[in-house]
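Values in this document were obtained by computation on a predicted structure and should not be read as measured data. Residue numbering restarts at 1 for every chain, and letters A, B, ... go by the order of the sequence lines.
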Amino acid sequence: MRFSKSFIPTLRETPSEAVVTSHILMLRSGMIRMVAAGIYSFLPTGYRVIRKISEIIREEMNAIGGQEFHLPALNPKEIWEETGRVEAFGDILFHVKNREYVLAPTHEEIMTFHARNVLKSYKDFPQIWYQIQTKFRNEPRPRSGVIRGRQFLMKDAYSFDISPEGLDKSYELHDQAYRKIFDRCGLKYFVVGASSGAMGGSGSEEFMVKSDAGEDTVAHCDNCGYAANVEVAESKVPSRGREEKNEELKEIHTPNIRSINELCEFLKIKETQCAKSRIYVHLGKPVLIFMLGNEEVNESKLVKYLGGAVRPAHPEELVELTGAEAGSIGPVGFNGRIIADLRLKDANNLYGGANKTDYHYGGIDFTRDAKNIEYADLRRVVSEEGCIKCNSPLQVFTAIELGHIFKLGTKYSEAMGAMFLDEKGEEHPIIMGSYGIGADRVMACFIEQHHDEKGIIWDTALAPFHVHLMGLNLKNEEVAKACEEIYKSLTDNSFDVLFDDRNDAQAGVKFNDADLLGMPLQIIVGDRKLKTNQVEVKIRKTGERFDVELDKLMPKLKEIWRDTVLK
RNA sequence: CGGGGCGUAGCGUAGCCCGGUUCAUCGCGCCUGCUUUGGGAGCAGGAAGUCGCAGGUUCGAAUCCUGCCGCCCCGACCA
C-alpha cells in the first residue's frame with residue numbers, strides 16, 4: 001500500500017475529546033474517527049486490525065467446532081418479549097421508532113429462536129454457534145473511545161447441550177479457545193470468576209486486561225493467579241485479636257470529634273484501637289456495622305451477607321436510632337442487629353462511639369459490652385495484602401473486561417420453548433452457554449499495553465502492515481528506484497508493506513508517522529546510506545537499528561523477523 | 001440522571017468578565033510557486049470560519065440573558 005494514495009489521516013496534536021491512551025493513539029494514527037458519542041468509524045488502517053483480530057477469533061472458534069452465523073442486528077421486539085428482556089434491559093435497549101423492532105445488544109434470543117424446533121433430538125447435540133457482529137447498547141455514558149461505545153463489534157458464541165456435563169465441556173472448550181485467542185493477540189490478561197448478573201445462569205468467568213482506562217477494580221495475585229472483583233475479593237489480613245489486659249469500659253468526653261482520624265489525634269491512639277461504626281438500613285431495619293480503624297464498609301459484601309438491598313442511614317435516622325450524631329455512634333446499648341468485620345472478632349480494649357454526641361467509650365470489649373455481634377468479611381481488599389490462596393501480596397488495580405463466558409443453563413430455552421427429546425423420548429429444555437469477546441476492545445487493550453511516547457507498537461499478529469518502508473527523498477532517483485525494488489521484493493515475499501512514498505513530506509514527518517503507526521519493522525531508504533548500497537532497518541519494539549546491504553536485505557529481514565519480531 | 005468543564009476554519013487555540021476601528025487571533029494543516037529532504041523545513045502568495053443552534057436585550061452581540069443541542073470529565077449505571 002502506498003501512503004500517498006492511502007487514507008491515513010494522522011494527527012500531530014491530540015484531539016481535545018480524547019483522554020485515554022488507546023483512544024488518543026487510535027485517533028492520532030488515523031484508525032478511527034468519532035461520528036457521535038460512543039459511535040466510531042473504523043478507517044482503513046484501523047479496520048485492517050479489526051480484521052486480523054476477527055480472523056484469529058474465527059480460527060480458534062472454528063477449532064473448537066464453532067459454526068459461524070451472521071444474524072440480523074435488527075430484531076422484532078416480539079422475540080425479546082418472550083424472555084422478558086425488553087424490560088430487563090430497559091433503557092439500554094435501542095428501540096426503533098417506526099416499527100416494533102429493537103437493535104440487538106446481544107443474541108441469545110435469536111440463536112435460541114434458530115435452535116428451537118430444529119435441534120429436536122439428543123442426537124443433534126452438542127452445537128456451538130457464533131458470529132462476529134455489531135451490537136447496540138444505549139450506554140448512559142459512553143467513554144474511553146472504543147472501550148465503551150453505543151455500537152461495538154462483538155464475537156458472541158452460544159453452546160447447546162443436553163446435559164450439565166455437556167455444558168461443562170462446551171464451557172471448557174471456550175475457556176481454552178479464549179486463552180489461545182488472547183495469547184495470539186499478544187495481550188497480557190487474567191481471568192476473574194464473576195457473578196453472572198442479569199444474564200442468568202451459574203458459572204462465569206471474565207477475561208480481563210489491566211488498564212488505567214478500566215472500569216472494574218480487581219484484586220490480582222501475580223503468584224498464583226487468584227483474581228477477583230474488589231467487590232467480592234478476599235485477602236489474608238490479621239485480625240485485631242484480644243489484648244491480654246482487659247480494660248474497664250470508660251466514657252470519654254470528645255468534643256467535636258467526628259472521624260477516626262480526629263479521634264486518634266485527640267486521644268493519641270492508633271487506628272487499630274478504634275472501631276468505626278456505620279448504620280445501614282436493610283429491609284426497613286437498622287443494622288450497625290463495625291470496621292476496624294478507618295476501613296470502609298464494602299457494601300457489595302454487606303448486600304451479599306444480608307441478602308437484599310441496603311442503604312446508609314440518613315443523619316436524622318442516626319439521631320433517632322442511637323440518640324447520637326454521626327461520629328459518636330457505638331455498640332454499647334445499641335438496640336438492633338450488629339455486624340462487625342472479621343478483623344474485629346472478639347476484640348477488646350476498643351475505642352468507639354458512646355451513642356451520645358461528643359462522647360466516646362474506651363475499653364470496649366465486644367464479648368462483654370455488646371450482645372450477639374455477628375461477624376462477617378466486610379472489608380475492601382487493599383494492595384499488598386496477602387492473597388487468600390497463596391499469601392503473596394495482592395495488587396488492586398482497574399481493568400477492562402475483554403471477554404466473558406457464562407453457563408446460561410435453561411433460562412432462554414425454557415422461556416422460548418427450545419426443547420429436545422432424550423433417548424427415552426422425554427422432553428427437556430436445551431442447556432445453553434453464552435460466550436462474548438469485544439473485538440474492538442481487544443484492539444484498544446492491545447494499544448493500552450503496547451505503546452510508548454511516540455505511538456503504537458504492534459506485534460505482527462495484529463499489525464495493519466508488517467513493514468513500514470520509507471523513502472526519505474523520493475525526488476532522488478536512486479532512492480526512488482531502490483524503494484520501488486524493495487517494495488516489490490517485500491510484496492513478492494508475502495510481507496504486507498506500507499510504503500511511505502510521499503514526495504512532500506519531510507523525513508521527520510515520515511519517521512514520526514512510522515513510529516506513531518507502529519508497524520513492527522521499518523525500512524528507511526535515504527541517499528546517504530544508499531551511496532554505500534545500504535538501507536536501515538529499525539525494529540519498532542526495541543528501537544534497534546541495523547544497516548543492511550541492499551542485496552542482503554531480504555534474508556536479513558527474514559532473520560530479524562524470525563528471531564526478534566516474532567519473538 | 002446528579003455535579004463540573006467545554007463548543008470560535010480540518011486540528012489545537014486567543015478574544016468573552018469589561019458589548020463597538022485588534023473583531024474575528026495565532027500555530028499546525030491545506031492550495032500555488034521556488035528552495036529544501038536522516039527526526040514534524042524556508043521564503044513568497046492564497047483559500048477556508050452560520051463564533052454549536054434558536055430566541056431575547058441593545059443603535060450595535062463571539063462577548064450579556066433565556067432555552068435547546070453536542071462533546072469531555074467525575075459520580076450513579078454497566079446484561
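In this entry the distance linking CZ of F152(A) with P of rC78(B) reads 15 Å, nearest Å. Atoms CG (D504(A)) and P (rA41(B)) sit 12 Å apart, rounded to a whole Å. Atom CD in E536(A) sits roughly 11 Å away from atom C1' in rG39(B) (whole-Å rounding). One atom, CZ of R12(A), and another, C1' of rG10(B), lie 14 Å apart when rounded to the nearest Å. Between the CZ atom of R148(A) and the P atom of rC72(B) there is a distance of 14 Å, rounded to whole Å. The interatomic distance linking N512(A) (CG) with rA41(B) (C1') rounds to 13 Å, in whole Å. Rounded to whole Å, atom P of rU37(B) lies 19 Å from atom CE of M470(A). Summarising the geometry, the separation between CZ on R150(A) and P on rC72(B) is reported as 9 Å, rounded to the nearest angstrom.
Aromatic pair F446(A)/W458(A): ring centres closer than 6.0 Å. Ring-centre distance between W129(A) and F69(A): below the 6.0 Å cut-off. Here the two rings, on W561(A) and H466(A), have centers that are under 6.0 Å apart.
Across all strands shown, rG10(B) pairs with rC28(B); the Watson-Crick or G-U wobble distances both stay below 3.5 Å. Base pairing of rA41(B): its partner is rU35(B), meeting the Watson-Crick or G-U wobble criterion (both donor-acceptor distances under 3.5 Å). In this structure, rG67(B) and rC53(B) make a Watson-Crick or G-U wobble pair, each of the two defining distances being under 3.5 angstrom. Remark: rA61(B) base-pairs with no nucleotide; criterion is Watson-Crick or G-U wobble with both hydrogen-bond distances under 3.5 Å. Across the strands present, rG2(B) finds its partner in rC74(B); the criterion is a Watson-Crick or G-U wobble pair with both atom distances under 3.5 angstrom.
Between rG29(B) and rG12(B), the distance separating the two C1' atoms is 11 Å to the nearest Å. A gap of 9 Å separates the P atoms of rG20(B) and rC16(B), to the nearest Å. Nucleotides rG10(B) and rC53(B) are separated by 13 Å at their P atoms, to the nearest Å. Rounded to a whole angstrom, the distance from the P atom of rU57(B) to that of rA62(B) is 16 Å. Straight-line distance between the C1' atoms of rA48(B) and rC28(B): roughly 15 Å, to the nearest whole Å. Nucleotides rG67(B) and rG60(B) are separated by 23 Å at their P atoms, to the nearest Å. The same atom, P, is picked in rU63(B) and in rU50(B); the two are 16 Å apart, to the nearest Å. The gap from the C1' atom of rG39(B) to that of rC51(B) amounts to 37 Å, rounded to the nearest Å.
By the 30° and 60° cut-offs, the orientation of the rings of H174(A) relative to Y178(A) is perpendicular. Ring geometry for F207(A) against Y189(A) counts as tilted: the plane angle lies between 30° and 60°, on a 0 to 90° scale.
Checking the phosphate oxygens (OP1, OP2) of rC74(B), a side-chain nitrogen or oxygen of R141(A) falls inside 4.0 Å. Note on S16(A): every side-chain N or O is 4.0 Å or more away from OP1 and OP2 of rC72(B).
With RNA chain B read from its 5' end, the first of the two nearest nucleotides for P142(A) and D216(A) is the one closest to P142(A).
Counting only heavy atoms from C-beta on, A36(A) has its side chain closest to rC71(B) among rC74(B), rA41(B), rC71(B). For L472(A), taking side-chain heavy atoms from C-beta onward, the closest of the listed nucleotides rU37(B), rG38(B), rG39(B) is rG38(B). Here the nucleotide nearest the side chain of Q506(A), chosen from rU36(B), rC71(B), rC11(B), is rU36(B). With rC78(B), rC74(B), rG38(B) as the candidates, the nucleotide lying closest to the side chain of A507(A) is rG38(B). Listed nucleotides: rC78(B), rG38(B), rC72(B). Nearest to the side chain of E17(A): rC72(B). The side chain of P140(A) has rC77(B) as its nearest neighbour among rC72(B), rG38(B), rC77(B). Of the candidate nucleotides rG40(B), rA76(B), rU37(B), rA76(B) has the atom nearest to the side chain of R143(A). When distances run from any side-chain atom of R28(A) to the nucleotides rG40(B), rG38(B), rG12(B), the shortest one goes to rG40(B). Of the candidates rG38(B), rG39(B), rG27(B), the closest approach to any side-chain atom of E13(A) belongs to rG27(B). Nearest to the side chain of F511(A), among rU36(B), rC73(B), rG38(B), sits rG38(B).
Here N476(A) lies out of heavy-atom contact (under 4.0 Å) with every strand. Note on R545(A): a base of the nucleic acid sits closer than 4.0 angstrom, heavy atoms only. Within the nucleic acid shown, D513(A) comes within 4.0 Å of at least one base atom, counting heavy atoms only. Here K135(A) lies out of heavy-atom contact (under 4.0 Å) with every strand.
Residue F190(A) places its CZ atom among more than 12 non-hydrogen atoms of other residues, nucleotides or ligands, all under 6.0 Å distant.
Salt-bridge formation is not detected for the pair K407(A)/E205(A): no Lys NZ or Arg NE/NH1/NH2 atom is positioned less than 4.0 Å from an Asp or Glu carboxylate oxygen.
Side-chain atoms of K475(A) come within donor-acceptor range of the base of rU36(B), with a qualifying N/O pair under 3.5 Å. You won't find any donor-acceptor pair under 3.5 Å spanning the side chain of D527(A) and the base of rG38(B), going by distance alone.
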Chi angles and distances behind the ring pair (Phe, Tyr, Trp, His ring centres under 6.0 Å) call for F160(A), H114(A): CA-CA 11 Å; F160(A) 302 89; H114(A) 290 298; over 10 Å; no
